[in-house]
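So that the names make sense, note that chain A is the first sequence line, chain B the second, and so on, each numbered from 1. These numbers come from a predicted model, not from an experiment. Atom set for the values below is all heavy atoms of this structure, side chains included, hydrogens, waters and symmetry mates excluded.
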2 protein chains.
Amino acid sequence: MDVRHADRIADALEELVFTGQFNDGDRLDEIRLAKQFGVSRTPIREALQRLVASGIAEQLPRRGVFVRQPGPVELMEMFETMAEIEAVCGRLAARRISDEALAELEQANDLCRAAMASQDTDAYYRENERFHHTIYAQSGNSYLAGQALRLHRRLKPFRRLQLRLRGRLAQSMGEHEEIVAALRSGDDARAATALRDHVGIQGEKFRHLMTELRTAAQ
Amino acid sequence: MDVRHADRIADALEELVFTGQFNDGDRLDEIRLAKQFGVSRTPIREALQRLVASGIAEQLPRRGVFVRQPGPVELMEMFETMAEIEAVCGRLAARRISDEALAELEQANDLCRAAMASQDTDAYYRENERFHHTIYAQSGNSYLAGQALRLHRRLKPFRRLQLRLRGRLAQSMGEHEEIVAALRSGDDARAATALRDHVGIQGEKFRHLMTELRTAAQ
DNA sequence: AATCACTTTATTGTATACAAAAATGTTGAC
DNA sequence: GTCAACATTTTTGTATACAATAAAGTGATT
């Protein structure tokens, strides 16, 4: 386990930002972080560069690096983009998917359903991810799949919130089954629509949560 | 003009890689680059990190940073992804585009045609970019537009090659007009198809060039 | 008290020094 | 000549030192 400090720290900082340990606009103080991680400023700076490159933080020259939590508008845009990219993956996958992958999707769905029944949320999230990642891969375009994966990861913390809504899990399962059916039939337009709607609903639910929080705060 | 060395150098290196000054697998020697740019290793390392983050180079821990030119397969995947993303932008834009933007698209097309007539390739490329960038922006989703822009930039050097083919420019102009017509009519499916085909053809033409080069080399 | 010029401090960006690991070269046995 | 073990050199990764710039503090003037 001999990994570069900079990489380890970048992962740690990313996790801290994603889990809400930092607020939007917080300055990432190099010296403080250096002390905190027990290293010099050099690996810290490399880690910060990585955060900036992946859009998690913003750099103002000669001013510092600031965490940049996406606001409501940007989040909705990201969900819409995710919906469209998943739709594209589904459209391509409908024509290219293998029987093995179809079986894997159904297995993931079965395990999802079992996890829902036994209230095992970790297992649910894991199998849900496997479901989506399989579709990305079956687009037959590894570049596209990589892009989809990136955004999927970025939205992970926000998707979790929305999945906590009452009845959302069961609804989501139903959508998954429609997606598999579309893929199995090879109907690319149907697969695209099913996936776009599935992810689009996530965005809708999330927006709902946001406005509720907003009005509750007032 | 007081920009960080690291940023300036990252841009310069990116340009060097894009213009083919480096071959796939070339190691980016920190010390050599430091001498070359007249700075220390520190800003060079920051610049290299940026290249790695944007996928232009690859980092092997404790080994170095190596340029990573996309191969034929990855390039085709990138073109396919670009086609799909542009199709998405077009689909959304068909419902959201403003009259001003439609006028801008037509103006860009007019200037493109004029540039074609006067053999002004620089002007052609400029207006062609304006055309596509306008569509990205009119998707009404700035996150999606940003992603489209990124990939568009990445493919720029390869798109230029394909545009040199005999008759391709005129054909491309016709496709542009179909795109505008679709957007004007608000027919989202038609706009998506027009854009997907337009960019898809670019990929096809490019693949053609590649295989020709391949067979010529043998 | 508010504001402006000026000084001081803090922080970023860059250079250099050092440590650790990989690449390279050398020697000797077979 | 080939290969392996060891020594040397190079190169990466990190720490520290220094320079440049922005932020904060101080005091005089109105």
Side-chain angles (χ1 to χ4, degrees), chain A residues 1-18 20-70 150, chain B residues 1-18 20-70 150:
Chain A
M1 167 88 188
D2 173 42
V3 72
R4 294 172 24 144
H5 287 173
D7 291 344
R8 181 176 54 82
I9 292 165
D11 289 343
L13 285 177
E14 199 166 297
E15 188 64 19
L16 288 175
V17 172
F18 282 170
Q21 305 284 103
F22 289 104
N23 291 83
D24 184 58
D26 282 359
R27 184 167 134 268
L28 292 166
D29 188 272
E30 296 178 1
I31 301 170
R32 195 172 58 77
L33 291 171
K35 283 178 185 160
Q36 200 167 314
F37 284 97
V39 297
S40 78
R41 277 175 56 217
T42 311
I44 298 289
R45 281 179 64 86
E46 284 202 12
L48 294 184
Q49 291 286 110
R50 258 189 48 180
L51 294 203
V52 170
S54 58
I56 295 167
E58 199 169 6
Q59 181 168 43
L60 306 183
R62 300 247 172 230
R63 299 286 297 276
V65 173
F66 303 83
V67 326
R68 192 175 153 294
Q69 295 280 19
R150 271 173 64 97
Chain B
M1 165 89 186
D2 172 44
V3 70
R4 295 172 25 147
H5 287 172
D7 291 345
R8 181 176 53 81
I9 292 166
D11 289 343
L13 285 177
E14 199 167 296
E15 187 65 20
L16 287 175
V17 172
F18 282 172
Q21 305 283 104
F22 288 105
N23 291 82
D24 183 59
D26 282 0
R27 185 168 131 267
L28 293 167
D29 189 272
E30 296 178 1
I31 301 171
R32 194 172 58 78
L33 291 171
K35 282 179 184 161
Q36 202 167 312
F37 283 97
V39 297
S40 78
R41 278 175 55 218
T42 309
I44 297 290
R45 282 179 62 87
E46 285 202 12
L48 293 185
Q49 292 285 108
R50 258 190 48 180
L51 294 202
V52 170
S54 60
I56 295 168
E58 198 168 6
Q59 179 168 43
L60 306 182
R62 298 249 172 229
R63 302 285 296 274
V65 173
F66 302 84
V67 325
R68 194 175 150 295
Q69 295 280 19
R150 270 173 65 97

| query | Closest approach of B:P61 and A:R4, non-hydrogen atoms and distance? | reply | CB-CD, 4.4 Å
| field | Heavy-atom pair of closest approach, residues B:G55 and B:R68 | value | O-NH1, 3.5 Å
| Should B:R45 and B:V65 be marked as a side chain to side chain contact (heavy atoms under 4.5 Å, CB included) after you check the CA-CA gap, both sets of side-chain angles, and the distance that decides it? | CA-CA 9 Å; B:R45 282 179 62 87; B:V65 173; over 6 Å; no
| remark: Under a 4.0 Å heavy-atom cutoff, the residues of residues 32-44 of chain B touching DNA chain D are B:R41
| query | What is the nucleic acid contact for B:E46, judged by heavy atoms within less than 4.0 Å: base, sugar-phosphate only, or nothing? | reply | nothing
| task | Classify the nucleic acid contact of B:R45 as base, sugar-phosphate or nothing, counting any heavy atom under 4.0 Å across all strands shown. | result | base
Distance, rounded to the nearest Å, where [X] contributes [atom1] and [N] contributes [atom2]:
X	N	atom1	atom2	answer
A:I9	D:dG13	CD1	C1'	12 Å
B:R62	C:dA21	CZ	P	6 Å
A:L28	C:dG13	CG	C1'	17 Å
A:I31	D:dA15	CD1	P	14 Å
B:E30	C:dA22	CD	P	16 Å
B:Q49	D:dT14	CD	P	10 Å
B:L60	D:dT10	CG	C1'	17 Å
B:D29	D:dT10	CG	C1'	9 Å

Short side-chain N/O contact to [N] OP1/OP2 from [X], under 4.0 Å:
X	N	value
A:R63	C:dG13	no
A:Q59	C:dG13	yes
B:R4	C:dG13	yes

| Counting distance only, does the side-chain N/O of A:Q59 pair as donor-acceptor with the main-chain N or O of A:A53 below 3.5 Å? | no
| query | Any donor and acceptor pair, going by atom type alone, linking the side chain of B:Q69 with main-chain N or O of B:V17 inside 3.5 Å? | reply | yes
| query | Would B:L48 and B:L13 count as a side chain to side chain contact (heavy atoms under 4.5 Å, CB included) if you check the C-alpha gap in whole Å, the side-chain angles of each, and the deciding distance to 0.1 Å? | reply | CA-CA 8 Å; B:L48 293 185; B:L13 285 177; 3.9 Å; yes
| message | What's the separation between atom CG in A:L28 and atom CG in A:L51, rounded to the nearest 0.5 Å? | response | 6.5 Å
